[in-house]
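Comments concern the structure below.
None of these values were measured; they are calculated from a predicted model.
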Amino acid sequence: MGKEIERKFKVIGTAYKTESISSAIYKQGYLSVDKERTVRVRVVGDKAFLTIKGQNCGIVRNEFEYEIPVADAEIMLNENCLQPVIEKVRHICIASDGHKWEIDEFAGENAGLVVAEVELGSQYERVELPEWCGEEVSDDVRYYNSNLIKHPYRTWEKNDRE
């Protein structure tokens with residue numbers, strides 16, 4: 001059984017771009033966004049994946065991911081997934097403490113949102129926060145990708161600034 005242990009943060013500024021070791025365009029959609037589980041289809045370059053995630057228990061949840069044919073994923077994204085589909089550029093950075101950070105710059109209805117995630121080996125593992133990490137939003141459901149299709153960033157970010 002796979003476990004995902006992840007912390008999520010708002011990103012401040014663009015300094016992460018100078019630390020990025022790679023970037024890729026992601027397109028992902030959701031077949032299910034129930035509270036108990038999400039089922040996601042994702043295309044990254046010439047690869048595609050089907051991912052099933054269980055309900056969050058703090059920053060921990062079950063996660064199972066399987067590679068699938070890109071042609072199948074494109075059909076699911078266009079015909080079976082809830083809309084809108086999430087589009088983003090993911091930057092990978094390695095922090096001085098060795099942790100791998102994934103920074104997502106969202107596009108479309110979620111343009112303007114930039115979030116950093118770090119996966120941990122344990123929920124108690126310490127992590128050194130890079131200077132571009134802002135407020136932690138690990139427990140804020142608005143920042144879950146599966147919620148961004150129902151409640152895009154543009155619909156609530158204005159209220160956050162007021």
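Between Lys53 and Glu6, no side-chain nitrogen of the basic residue sits less than 4.0 Å from a carboxylate oxygen of the acidic one, so the salt-bridge criterion is not met.
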Apply the test salt bridge (Lys or Arg N to Asp or Glu O under 4.0 Å) to residues Glu87 and Lys27: give CA-CA distance (whole Å), side-chain angles for both, the deciding distance (0.1 Å), then the verdict. CA-CA 5 Å; Glu87 297 177 83; Lys27 187 175 177 183; 5.7 Å; no
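In this structure, the salt bridge (charged side-chain N to carboxylate O under 4.0 Å, His left out) partners of Asp140, at least two apart in sequence or on a different chain, are Arg142.
The two residues Cys133 and Ile12 make their nearest non-hydrogen contact at O-CD1, 3.8 Å. Considering every non-hydrogen atom in both Arg37 and Ser32, the closest pair reads O-OG, 3.8 Å. Of all heavy-atom pairs spanning Ala15 and Glu131, the tightest one is CB-OE2, 3.6 Å. When all heavy atoms of Val141 and Asn147 are compared, the pair lying nearest together is O-ND2, 2.6 Å. Scanning all heavy atoms of the two residues, the minimum distance from Ala73 to Ala48 falls at CB-CB, 3.5 Å. Scanning all heavy atoms of the two residues, the minimum distance from Leu113 to Tyr143 falls at CD1-CE2, 3.7 Å.
Once rounded to the nearest 0.5 Å, the distance linking OG of Ser23 with CZ of Arg90 reads 11.0 Å. Between atom CG of residue Leu148 and atom CG of residue Asn110 there is a gap of 4.5 Å, rounded to the nearest 0.5 Å. Once rounded to the nearest 0.5 Å, the distance linking OH of Tyr144 with OG1 of Thr38 reads 10.5 Å. Rounding to the nearest 0.5 Å places CD of Glu109 at 8.5 Å from OG1 of Thr155. The line from CD1 of Ile86 to CD1 of Ile149 is 6.5 Å long, rounded to the nearest 0.5 Å. Within the model, atoms CG of Asn145 and CZ of Arg40 stand 7.5 Å from one another, a figure rounded to the nearest 0.5 Å.
Residues Glu102 and Ile92 have side chains in contact (heavy-atom distance under 4.5 Å, counting atoms from C-beta outward). Taking 4.5 Å as the limit, every side-chain heavy atom of Thr51 sits out of range of all side-chain heavy atoms of Arg42.
Two different hydrophobic clusters hold Val70 and Val44 under the rule that ILVMFWY side chains link at heavy-atom gaps under 4.5 Å. When the side chains of ILVMFWY residues are joined at heavy-atom separations under 4.5 Å, either directly or via intervening members, Leu31 and Ile52 end up in a single hydrophobic cluster. Under a hydrophobic-cluster definition in which Ile, Leu, Val, Met, Phe, Trp and Tyr are linked whenever side-chain heavy atoms come within less than 4.5 Å, directly or via other members, Val41 and Val85 are assigned to the same cluster. No single ILVMFWY cluster, assembled from side-chain heavy atoms under 4.5 Å apart, contains both Leu82 and Phe49.
Counting non-hydrogen atoms of neighbouring residues, nucleotides and ligands closer than 6.0 angstrom, the CD1 atom of Ile94 exceeds 12 such neighbours. Surrounding OH of Tyr124 are at most 12 heavy atoms belonging to other residues, nucleotides or ligands under 6.0 Å away. Other residues, nucleotides and ligands contribute at most 12 non-hydrogen atoms within 6.0 Å of the NZ atom of Lys47.
Between the Asp34 side chain and the Glu36 main chain, no donor and acceptor come within less than 3.5 Å of each other. Looking only at distances, no side-chain donor or acceptor of Glu79 sits under 3.5 Å from a matching main-chain atom of Leu77.
Between Asp104 and Tyr26, the side chains place no donor N or O within less than 3.5 Å of an acceptor N or O (distance only, hydrogens not considered).
Aromatic ring orientation, Trp156 versus Tyr153: perpendicular (interplanar angle above 60°, classes split at 30° and 60°).
Under the side chain to side chain donor-acceptor pair (under 3.5 Å) rule, Glu117 has a single partner from Lys8, Lys100, Arg7, which is Lys8. Tested against His99 for a side chain to side chain donor-acceptor pair (under 3.5 Å), the candidates Glu128, Glu125, Glu119 yield a single pass: Glu125.
Cluster partners of Val114, using a side-chain heavy-atom cutoff of under 4.5 Å among ILVMFWY residues and allowing indirect links, are Ile5, Phe9, Val11, Tyr16, Ile59, Val60, Trp101, Ile103, Val118, Leu120, Val127, Leu129, Trp132.
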